[in-house]
Amino acid sequence: MGPHQTSDSWNDAIRPLHNGHLPDSNGLGRSDVEEEHRSEGLVLIVDKRALERECLARGLIEHNPTLRVSAVGSLDEIQHIAGKEDPSAVLVILGARKVSEQSVRAELTDFIAEIGTVPVIVVVDSDDPGEVLAALECGARGYIPTSVKVKVAAEAIGLARAGGIFVPASCVLALREIIHSTANGARPLAGMFTIREAAVVEALRKGKANKIIAYELNLCESTVKVHIRNIMKKLKATNRTEVAYKLRQMLL
């Protein structure tokens with residue numbers, strides 16, 4: 001790959017972890033013999049936060065010892081780390097940043113354009129469907145919320161490297177609920193709730209319990225309760241019964 005440039009938000013370089021070698025407390029890496037068994041392409045993790053990128057790199061390697069992982073602090077480091085070998089995938093750790101924000105969207109789009117045909121996967125705290133769609137529109141080949149386990153992240157990387165696109169199941173389920181709501185004439189509620197709240201609203205209209213809503217939308221029950229409180233606030237309702245009543249009135 002040619003030289004790369006990126007904004008300051010992905011700079012602050014810290015010494016990377018080279019090709020899956022994760023030194024222990026004594027500074028010792030994995031055995032050179034183990035390297036002979038590695039057959040996977042190089043996976044790069046880009047995150048200016050050293051602790052987060054090193055933890056993810058270690059987790060991926062422990063899950064799949066055949067992976068070769070390098071963790072870098074910025075896109076500018078990729079040429080130095082990868083050498084003459086193009087990476088097979090690049091993970092961009094955005095953390096709490098939102099892809100839907102104009103500055104982040106522009107930065108990610110430029111990043112992906114610089115990488116070329118190498119699949120880029122973003123790792124973000126949010127699993128909101130709107131954020132997932134924004135990432136895909138930028139050209140990302142995968143969207144991994146930080147709520148998933150390392151095993152899921154590893155499988156998402158494998159899917160992207162094979163030419164597929166990974167999105168969290170919670171996003172697909174939320175979109176299903178929204179499509180179902182629209183098909184049943186729930187358009188008057190459009191704009192009042194977020195995508196995830198709209199999915200919870202549809203479940204409340206059906207009288208589903210919090211545990212069922214959490215299971216179907218792949219959410220924690222505590223998260224469902226937060227969404228319900230926000231819905232109640234927007235509807236100026238004091239309980240679930242009043243929420244259901246007001247929703248019925250709005251949809252008449």
Side-chain angles (χ1 to χ4, degrees), residues 1-17 43-57 60 69-82 86-87 89-148 152-153 156-157 160 165-168 170-172 174-175 178 190-199 219 223 226-227 230 234:
M1 293 184 296
H4 301 285
Q5 294 182 343
T6 188
S7 65
D8 293 338
S9 59
W10 282 336
N11 289 328
D12 302 332
I14 299 178
R15 184 177 64 84
L17 304 175
V43 175
L44 292 179
I45 299 174
V46 183
D47 188 352
K48 67 178 181 179
R49 301 166 301 177
L51 180 60
E52 283 79 0
R53 70 178 186 248
E54 291 181 11
C55 287
L56 179 55
L60 289 173
V69 180
S70 285
V72 299
S74 70
L75 180 58
D76 295 327
E77 291 184 73
I78 291 181
Q79 183 73 12
H80 172 70
I81 299 304
D86 285 343
V90 177
L91 270 67
V92 177
I93 316 300
L94 295 178
R97 302 175 69 193
K98 292 185 177 297
V99 184
S100 56
E101 293 178 1
Q102 184 175 358
S103 60
V104 179
R105 181 190 291 264
E107 187 174 355
L108 182 61
T109 300
D110 292 342
F111 188 107
I112 293 173
E114 285 288 342
I115 290 296
T117 60
V118 178
V120 173
I121 306 163
V122 296
V123 181
V124 191
D125 291 346
S126 171
D127 65 348
D128 184 272
E131 295 298 307
V132 177
L133 292 175
L136 297 182
E137 289 172 353
C138 292
R141 300 298 301 272
Y143 187 104
I144 303 176
T146 54
S147 58
V148 305
V152 177
I157 295 170
I165 297 177
F166 176 85
V167 296
S170 58
C171 170
V172 178
L175 290 174
I178 293 169
M192 177 177 290
F193 304 111
T194 65
I195 293 177
R196 183 50 56 81
E197 287 172 353
L219 298 172
T223 302
V226 171
H227 287 312
N230 291 336
K234 291 180 179 181

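Quick caveat: nothing in here was measured; it's all calculated off a predicted structure. Each residue takes its place number in the sequence, starting with 1.
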Q. Could you walk me through whether I93 and R49 pass the side-chain contact (heavy atoms from CB on, under 4.5 Å) check?
A. CA-CA 9 Å; I93 316 300; R49 301 166 301 177; 3.2 Å; yes
Once rounded to the nearest 0.5 Å, what's the spacing between atom [atom1] of [X] and atom [atom2] of [Y]?
{"X": "E197", "Y": "N230", "atom1": "CD", "atom2": "CG", "answer": "5.0 Å"}
{"X": "L60", "Y": "I157", "atom1": "CG", "atom2": "CD1", "answer": "4.5 Å"}
{"X": "E131", "Y": "R97", "atom1": "CD", "atom2": "CZ", "answer": "11.5 Å"}

Exercise: identify the closest heavy-atom pair between [X] and [Y]:
{"X": "H227", "Y": "L219", "value": "CD2-CD1, 4.2 Å"}
{"X": "C138", "Y": "R105", "value": "SG-CG, 3.4 Å"}
{"X": "G73", "Y": "R53", "value": "CA-NH1, 3.5 Å"}
{"X": "S126", "Y": "P145", "value": "O-CB, 4.0 Å"}
{"X": "A135", "Y": "L108", "value": "CA-CD2, 4.4 Å"}
{"X": "A153", "Y": "V148", "value": "N-CG2, 4.5 Å"}

Q. Out of V104, D125, T146, D47, which one pairs with L94 under the side-chain contact (heavy atoms from CB on, under 4.5 Å) rule?
A. V104
(Q) Are F166 and I121 packed together at the side-chain level, in the sense that at least one heavy-atom pair is separated by less than 4.5 angstrom? (A) no
Q: Determine, step by step, whether V118 and L44 satisfy the side-chain contact (heavy atoms from CB on, under 4.5 Å) criterion, reporting the C-alpha distance in whole Å, the side-chain angles of both residues, the deciding distance to 0.1 Å, and the verdict.
A: CA-CA 11 Å; V118 178; L44 292 179; over 6 Å; no
Q: Mark yes when over 12 heavy atoms from residues, nucleotides or ligands other than K98 sit less than 6.0 Å from its NZ; otherwise mark no.
A: no
